[in-house]
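Structure, as structure tokens:
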Amino acid sequence: MVLGDTLLDRDVEGLVNRLCPDSPVPVLDETTSVDRPGGAGLAAVFAAAQGAEVALVTAVADDAGGARLGTLLAAAGVQLYALPLAGATPEKIRLRVRGRVLLRHDRGGATGVPGEPSEAVLRLLAGASAILVSDYGRGVAGHGALRAALAATRAPVVWDPHPRGPAAVPGVHLATPNEPEARELAKTPPGGSRLANASRSAQALRRRWQAGAVAVTLGGDGALLCHAGSTTPLVVPAPAAEGDTCGAGDRFAAAATLALARGALVSEAVQEAVTEASAYVAGGGVAAALPAPPVTVAPAVVTAGGDRIGAHAAGEVVARVRAAGGTVVATGGCFDLLHAGHVATLQAARRLGDCLVVCLNSDASVAGLKGPERPVVPQGDRSRLLAALGCVDAVLIFDESTPHAALSWLRPDIWVKGGDYASGGGDQTLPESEILARWGGHTVVVPYLDGRSTTDMIAAARAGWPAGTVVPAGAAGETVVRSTAKGTR
């Protein structure tokens, strides 16, 4: 389990061939950009890439950045347990030329206040095999309920601190500050050798935090480990490695936590972490460790298309309703050829709360689910038709086969399915129920109008049945009444 602050990292690659005419600064012509989770999210992705089952407890805002993080984390196999976050999702943008950073641009404003954890989060903390606290100084590691749960857990806890963050919970197994962080946190006075300063810092932090051990990472020189009960530090040298060090500290902390989860001694965990972090840097850093196709167009969660369409619109609606103490309702589907059955389900869903967000399968998602001839109506038109309905407050388009990533970000109080799930027989548990339970949400089923089916409408139109014809079950799947516009199929 990883607990901490998650950022949205974006690497923008480009070329510089000229200076700005009104100021002597380089002009970056963007060629590609890649998004990835940063902070605690990156540590969670690293752990998941090693084959571990990983849950991430972090704060996510109701904005397009939060939606993008939900998509990226789900794609990496990380189970997101999101706390509400007031304000905006923090973003870290690196402008790069030929692999070198030209400028870093941070945005997201002042640190927001994370909301309360659900009972599912507290149960998860109690049952985790190992916990990594990845603190980036934005409030999650200082949350009172989470700190109480961390203090009570029997799992090994690794604390990766930040100078702007809180002190580690007393009794953690291992703290992993880097050299500047350790010096600042311990208020180590200048003077003396590098190893002596690192050792003094580590011993001071270990005593202050009542930690089992403190490992100060030394960049390309490895790490220095101070144990309880010993005044002699263990120096773990690193193999020679050069390259992009962005994310190396997260890789170190994740590797140490995984080793402790397997039962390794702290010294063994630190040695393994040094080896992993060095190999990570030598192998090309985050770009090589998390390969992803360049993103030069809209991200997976579509963020534009009208006043009620996209992550920005959905986030504004959800934030407004939550601030007023209302109930957020969501539903989802392809909604290809919008018909009366769809409208009945949407109207019933809207009556259950104070807003309704529709999670709409994108064209690529529909084609993957229903075949290359679908959808009949493209996502732009489908989203506008839905947004025009009085019972729909916002439409969020997603590319995946399921809305799980979108749900992890939206965190609706109620998820609505229309159909015969409650008609009896077999397992009636909805696949979204487990995800809704992460934040205390609920799934419900509402009745649908019998005899309405997009598949049958398409079959009737293609077969050329006259308007008002009863389509035989063998021809279109079930006996239904369909009407078609004169002269169209």
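- Screening Leu150, Val57, Asp160 for a side chain to side chain contact (heavy atoms under 4.5 Å, CB included) with Val133, the sole residue that qualifies is Leu150.
- Taking the charged nitrogens against the carboxylate oxygens, Arg322 and Asp62 do have a contact shorter than 4.0 Å, which makes a salt bridge.
- Using a 4.5 Å heavy-atom threshold, the side chains of Leu103 and Leu28 count as separate.
- No donor-acceptor pair closer than 3.5 Å links the side chain of Thr331 to the backbone N or O of Lys417.
- Taken to the nearest 0.5 Å, the CD atom of Glu179 stands 4.0 Å off from the CZ atom of Arg194.
- Side-chain N or O atoms of Thr58 include one that pairs as donor or acceptor with a backbone N or O of Thr6 at under 3.5 Å.
- Glu91 has no carboxylate O lying under 4.0 Å from a charged side-chain N of Arg68, or vice versa, which leaves the two without a salt bridge.
- A donor-acceptor pair under 3.5 Å is formed between the side chain of Asp336 and the backbone N or O of Val376.
- Leu436 has its side chain within reach of Pro412: a pair of non-hydrogen atoms, C-beta onward, lies under 4.5 Å apart.
- Scanning both residues, Gly326 and Asp354, for their nearest heavy atoms gives CA-OD2, 3.2 Å.
- A 4.5 Å side-chain heavy-atom check between Asp29 and Arg18 finds at least one atom pair inside the cut-off.
- Listed by chain and residue number, Lys92 satisfy the salt bridge (charged side-chain N to carboxylate O under 4.0 Å, His left out) test with Asp9 (two or more places apart in sequence, or in another chain).
- The 12-atom threshold is not exceeded at CD of Glu53, counting heavy atoms of other residues, nucleotides or ligands nearer than 6.0 Å.
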Audit row: Ile93, Arg107, side-chain contact (heavy atoms from CB on, under 4.5 Å) steps and yes/no: CA-CA 8 Å; Ile93 304 166; Arg107 63 187 182 191; 3.7 Å; yes
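- Between Asp363 and Pro375, the shortest heavy-atom contact is OD1-CG, 3.4 Å.
- Between the SG atom in Cys246 and the CZ atom in Arg94 there is a gap of 4.0 Å [rounded to 0.5 Å].
- Glu13 and Arg98 get closest at one heavy-atom pair: OE1-N, 3.9 Å.
- Under the rule for a side-chain contact (heavy atoms from CB on, under 4.5 Å), the partners of Leu124 that lie at least two apart in sequence or sit in another chain are Met1, Ala55, Tyr81.
- Val169 has its side chain within reach of Trp159: a pair of non-hydrogen atoms, C-beta onward, lies under 4.5 Å apart.
- In terms of modelled atom types and a separation under 3.5 Å, the side chain of Arg350 and the main chain of Leu346 share no donor-acceptor contact.
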Ser401 and Leu369: CA distance, side-chain angles, deciding distance, side-chain contact (heavy atoms from CB on, under 4.5 Å) verdict: CA-CA 7 Å; Ser401 59; Leu369 292 170; 4.1 Å; yes
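- Put simply, the side chain of His143 gets close to the backbone of Gly115: a donor and an acceptor are under 3.5 Å apart.
- Without hydrogens or angle criteria, Arg36 side chain to Leu42 main chain gives no donor-acceptor distance under 3.5 Å.
- Residues Ala311 and Ala64 come closest through the heavy atom pair CB-CA, 3.8 Å.
- Panel note: side chain Thr153, backbone Ala149; no donor-acceptor pair is recorded below 3.5 Å.
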Derivation of the side-chain hydrogen bond (donor to acceptor under 3.5 Å, both in side chains) call for Asn197 and Arg200: CA-CA 5 Å; Asn197 286 335; Arg200 285 201 298 270; 2.3 Å; yes
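- For the pair Val357/Asp393, no side-chain contact is recorded, criterion being any heavy-atom separation below 4.5 Å from C-beta on.
- The CG atom of Leu174 lies 10.0 Å from the CG atom of Leu132; values are rounded to the nearest 0.5 Å.
- Of the inter-residue distances, the one linking Arg183 atom CZ with Leu205 atom CG reads 12.0 Å to the nearest 0.5 angstrom.
- We find the CG-CD distance between Asn178 and Glu184 to be 10.0 Å, quoted to the nearest 0.5 Å.
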Residues Ser408, Arg438; criterion side-chain contact (heavy atoms from CB on, under 4.5 Å); working and verdict: CA-CA 9 Å; Ser408 295; Arg438 295 178 187 175; 3.8 Å; yes
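- A donor-acceptor contact shorter than 3.5 Å is absent between the side chain of Thr443 and the backbone of Trp415.
- Side-chain contact annotation: Asp63 with Thr89, donor-acceptor N/O pair under 3.5 Å present.
- Under the 30°/60° scheme for interplanar angles, the aromatic rings of Phe46 and Tyr280 are found to stand perpendicular.
- Pro161 is listed as a side-chain neighbour of Trp209, based on a closest heavy-atom distance under 4.5 Å.
- The two residues Val274 and Ala223 make their nearest non-hydrogen contact at CG2-CB, 3.8 Å.
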Val377 and Leu338: CA distance, side-chain angles, deciding distance, side-chain contact (heavy atoms from CB on, under 4.5 Å) verdict: CA-CA 9 Å; Val377 180; Leu338 190 66; over 6 Å; no
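- Cation-pi geometry between Arg382 and Phe335 is not met at under 6.0 angstrom from the ring centre and within 45 degrees of the axis.
- Side-chain N or O atoms of Asp413 include one that pairs as donor or acceptor with a backbone N or O of Val328 at under 3.5 Å.
- Residues Ser267 and Leu234 are in side-chain contact: their nearest non-hydrogen atoms beyond the backbone lie under 4.5 Å apart.
- Legend: salt bridge (charged side-chain N to carboxylate O under 4.0 Å, His left out) pairs involving residues 134-143, not counting sequence neighbours: none detected.
- Across all non-hydrogen atoms, the minimal contact from Asp399 to Ala364 is OD1-CB, 4.2 Å.
- Counting heavy atoms from C-beta on, the side chains of Cys334 and Arg374 never come closer than 4.5 Å.
- In this structure a side-chain-to-backbone donor-acceptor pair under 3.5 Å is missing from Ser33 to Asp11.
- Distance OG1/Thr111 to OH/Tyr136: 14.5 Å, rounded to 0.5 Å.
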